[in-house]
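Note that this is a predicted model, so its numbers are computed, not measured.
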Amino acid sequence: MSSRAVSGAICAARRGYALEPQGRKLTGCRSQRSTFWSTPSPCSSSSSSSVAFSAAPTLKFEFSAEAASSARGQGPLALFSRLVELGQLQDDSEQRRVLEYLNAVFFGASKRTARGLYLYGSVGCGKTMSMDLFYSAVKDLSGLRVVRKHFHDFLHDVQLDLHRLKRDKDCPSHALHPVERVGARIADSTDVLCFDEFAITTIQDCVLLMPLFSALFRRGVTVVATSNRAPEDLYSDGLNRHVYMPPFLDTLAQYCKVLELKSSTDYRMVHYENSADAGVFCWPPSRSFVDKWFEATGGQGVLGARVDIAYGRSLDVPQLSSCGRVARFSFEDLCRKELSADDYLTISRQFHTILLDDVPCLSVDEHNEARRFTTLIDSCYEHHVKLICSMACPPDELLAGLVGLRDLSLAAVGKGVAGCGDGDSSSSSSGVLQAISRIKTSLADRKASPLMRSEASAAEATMDSDFALEVLSGEVQRVREHGTQDMQIWSQGGEASKGRAPPQVSKSWDDRRRISAFTWESQDPTSEQQSIKGVFAAAVASLKESGFAVERAISRLREMQTETFQENHKLKHLCK
């Protein structure tokens, strides 16, 4: 169990939390949320049907009224300097450098001439604080419509709006693409759009980027975003990345300055080491620990309730408070079932406190469960939901076995299986399914020999050129000696194929045709064997993304168990 006594933590919670009336009914989104923009249904008035885009609380940290008042209208850098003078923030030269750029965005936004900013850096380096300072300064500018959202929340709401457009079948045809229509309507009510945690993890989101942001940028919307990844690393090795990402990255570079925050200080770790334990996590598992917290936060509850989650589905809640705002689940309920980020988003919008029993230490074998757990942590963190957990081990160790995934590469995992014609006896999915066993072997090998990481990086650089030749290297050499005539015939590009039916051929010629087909397909990015390779690479990329998510989740778990975090985030809304 954690070093802080449970009873002391609960007593502190009772003293500091603003209490809500007993028996308050669940009404959907929490009362402190605000509607940032509404997009009317395309075939009805806004009064009858509208798409409300709501977000998490927009400030992660609350600044003193004195500092905010004295720096009003002077930009984020002046606010930062005032907070340093008051001793509320630590001076940081790297953060000042970033705030100078944000200052330029601040003054340019008021004149509608600002170029946006894409800010990236490592976990805990101060990106969120920089965004808080900028948003605190810019939101008070007269006549400027400013929206701040977590990037996944934003894409989730865009997807819902697209779904409504598709559902409204009576709508007249429109010249704009549906994604551009959504972007245009957002731009009509927004001048500055601020994103936290800009990240692309699925092909669905990747496809949206170019038309959506083109519509925003063309209509003069200033975008300011934070991310853990540099733009060129977004959706790295993802399926069909080469088709959709390059145009978007060119557009992003045109409208936004790309800047890395290189602070050497991990501020989350500083808060963790210098703040008292709030007593919200315990290990080893203890049901009595969670029982006491449930009584303190929710009072007497009901058993066997159901709540709505994304897209018209519902989820069993083993224990729900009488006010409907505190829910208790097991790890099995939330992380071993097939739930998505949209489901966790919906859950975090319904509850202000989530209690979780029996969280195990996770390994690479449980990468799916780990990905769901990290997504739940992110959603709770961004939406200021109090997370209380009973764990099998300390928070730092829960996900430690998966941190190495962030350094994963195709060269380290091994090359996928690619075939040619009816000689391919392996299904395309078999190579993907073998990835996990290869990953475990790779991680174990790298722990045993640190030199293998640099060797794997060197091997990865030559992998693409060697991949297509590995299966039939000897036969490909025969084709090279024979010449290009067979390749031209196979691709229907040679003179011998024009105006003629395919000839009756010998076994040796047919063998050459097969190898020619393989060689030709290996050069065609749309061919089957390249598609198989792409799926395999995308699977490995998804696992690598899980490694980044794990690193972020560990950092956030450290911060979420501190009293400083709870005070800053005002997790003060118990039911009794």
Discussion item. Set out, in order, the CA-CA distance, both residues' side-chain angles and the distance that settles ring pair (Phe, Tyr, Trp, His ring centres under 6.0 Å) for Phe195 and Phe154, then state yes or no.
Written reply: CA-CA 8 Å; Phe195 294 124; Phe154 172 75; 4.7 Å; yes

Worksheet item: Can Ser314 and Asp308 be said to form a side chain to side chain donor-acceptor pair (under 3.5 Å), step by step?
Response: CA-CA 4 Å; Ser314 60; Asp308 292 334; 5.6 Å; no

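- Side-chain atoms of Arg96 and Ser81 include a donor-acceptor pair closer than 3.5 Å.
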Discussion item. Please evaluate residues Asp233 and Tyr120 with respect to the criterion side chain to side chain donor-acceptor pair (under 3.5 Å), reporting the C-alpha separation (whole Å), side-chain torsions for both, the decisive distance (0.1 Å), and the verdict.
Written reply: CA-CA 11 Å; Asp233 293 332; Tyr120 71 97; over 6 Å; no

Item to complete: Determine, step by step, whether Thr190 and Arg145 satisfy the side chain to side chain donor-acceptor pair (under 3.5 Å) criterion, reporting the C-alpha distance in whole Å, the side-chain angles of both residues, the deciding distance to 0.1 Å, and the verdict.
Response: CA-CA 5 Å; Thr190 309; Arg145 300 163 299 179; over 6 Å; no

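- To the nearest 0.5 angstrom, Gln90 atom CD is 5.5 Å from Thr265 atom OG1.
- Contact annotation: the side chain of Phe151 never approaches that of Asp196 to less than 4.5 Å [non-hydrogen atoms, C-beta and beyond].
- No donor-acceptor pair closer than 3.5 Å links the side chain of Ser122 to the backbone N or O of Cys125.
- A salt bridge links Arg313 with Asp343; the closest basic N to acidic carboxylate O contact falls under 4.0 Å.
- In plain terms, the two heavy atoms of Thr562 and Arg558 that are nearest each other are CG2-O, 3.4 Å.
- A salt bridge between Arg552 and Asp378 is present, with a side-chain N of the basic residue lying under 4.0 Å from a carboxylate O of the acidic one.
- In summary, Arg185 and Asp161 engage in a salt bridge, as defined by a charged side-chain N under 4.0 Å from a carboxylate O.
- Ion pairing between Lys262 and Glu94 fails under the 4.0 Å rule for side-chain N and carboxylate O.
- The CG atom of Asp191 lies 10.5 Å from the CG atom of Leu141; values are rounded to the nearest 0.5 Å.
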Worksheet item: Where do Arg336 and Glu366 land on the salt bridge (charged side-chain N to carboxylate O under 4.0 Å, His left out) test, with the steps shown first?
Response: CA-CA 9 Å; Arg336 295 199 190 276; Glu366 299 169 298; 3.2 Å; yes

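- The existence of a salt bridge linking Asp188 and Arg219 is excluded, since no basic side-chain nitrogen approaches an acidic carboxylate oxygen closer than 4.0 Å.
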Practice prompt. Apply side chain to side chain donor-acceptor pair (under 3.5 Å) to the pair Tyr381 and Glu559, showing each step before the final yes or no.
Written response: CA-CA 10 Å; Tyr381 182 91; Glu559 187 178 359; 3.0 Å; yes

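- Looking at every heavy atom in both residues, Cys335 comes nearest to Phe373 through SG-CA, 3.8 Å.
- For His152 and Asp342, the side-chain atoms include at least one donor-acceptor pair closer than 3.5 Å.
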Practice prompt. Could you go through the side chain to side chain contact (heavy atoms under 4.5 Å, CB included) check for Thr353 and Val385 one step at a time?
Written response: CA-CA 5 Å; Thr353 303; Val385 174; 5.7 Å; no

Practice prompt. I would like to know whether Asp316 and Asp333 meet side chain to side chain contact (heavy atoms under 4.5 Å, CB included); could you show each step before the answer?
Written response: CA-CA 8 Å; Asp316 291 326; Asp333 297 323; over 6 Å; no

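- With hydrogens and angles disregarded, no donor-acceptor distance shorter than 3.5 Å links the side chain of Ser379 to the backbone of Thr375.
- With Ser546 as reference, Arg371 is the one residue of His367, Glu551, Arg371 to meet the side-chain hydrogen bond (donor to acceptor under 3.5 Å, both in side chains) rule.
- Annotation for Thr374 and Ala553: closest pair CG2-CB, 3.7 Å, computed over non-hydrogen atoms.
- Aromatic ring centres of Phe134 and Phe106: separated by at least 6.0 Å.
- One finds the CG atom of Leu208 at 10.0 Å from the CD1 atom of Ile203 (value rounded to the nearest 0.5 Å).
- The structure places OG of Ser340 at 9.0 Å from CG of Leu345, a figure rounded to the nearest 0.5 Å.
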Practice prompt. Could you go through the side chain to side chain contact (heavy atoms under 4.5 Å, CB included) check for Tyr235 and Tyr244 one step at a time?
Written response: CA-CA 10 Å; Tyr235 196 52; Tyr244 299 103; over 6 Å; no

Item to complete: Given side chain to side chain contact (heavy atoms under 4.5 Å, CB included), test Val326 with Phe351 step by step and report yes or no.
Response: CA-CA 6 Å; Val326 178; Phe351 305 118; over 6 Å; no

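- Taking 4.5 Å as the limit, some side-chain heavy atom of Asn103 sits within range of a side-chain heavy atom of Pro76.
- To the nearest 0.5 Å, atoms CG (Leu315) and OG1 (Thr346) are separated by 10.5 Å.
- Taking 4.0 Å as the cut-off between side-chain N and carboxylate O, Glu197 and Lys127 do not count as a salt-bridged pair.
- In summary, Arg148 and Asp132 engage in a salt bridge, as defined by a charged side-chain N under 4.0 Å from a carboxylate O.
- One finds the CD atom of Gln95 at 10.5 Å from the CG atom of Leu77 (value rounded to the nearest 0.5 Å).
- Under 4.0 Å is where a charged nitrogen must lie from a carboxylate oxygen, and between Lys257 and Glu100 no such pair does.
- Judged by a 6.0 Å distance limit and a 45° cone about the ring axis, Arg372 is not positioned over the six-membered ring of Tyr344.
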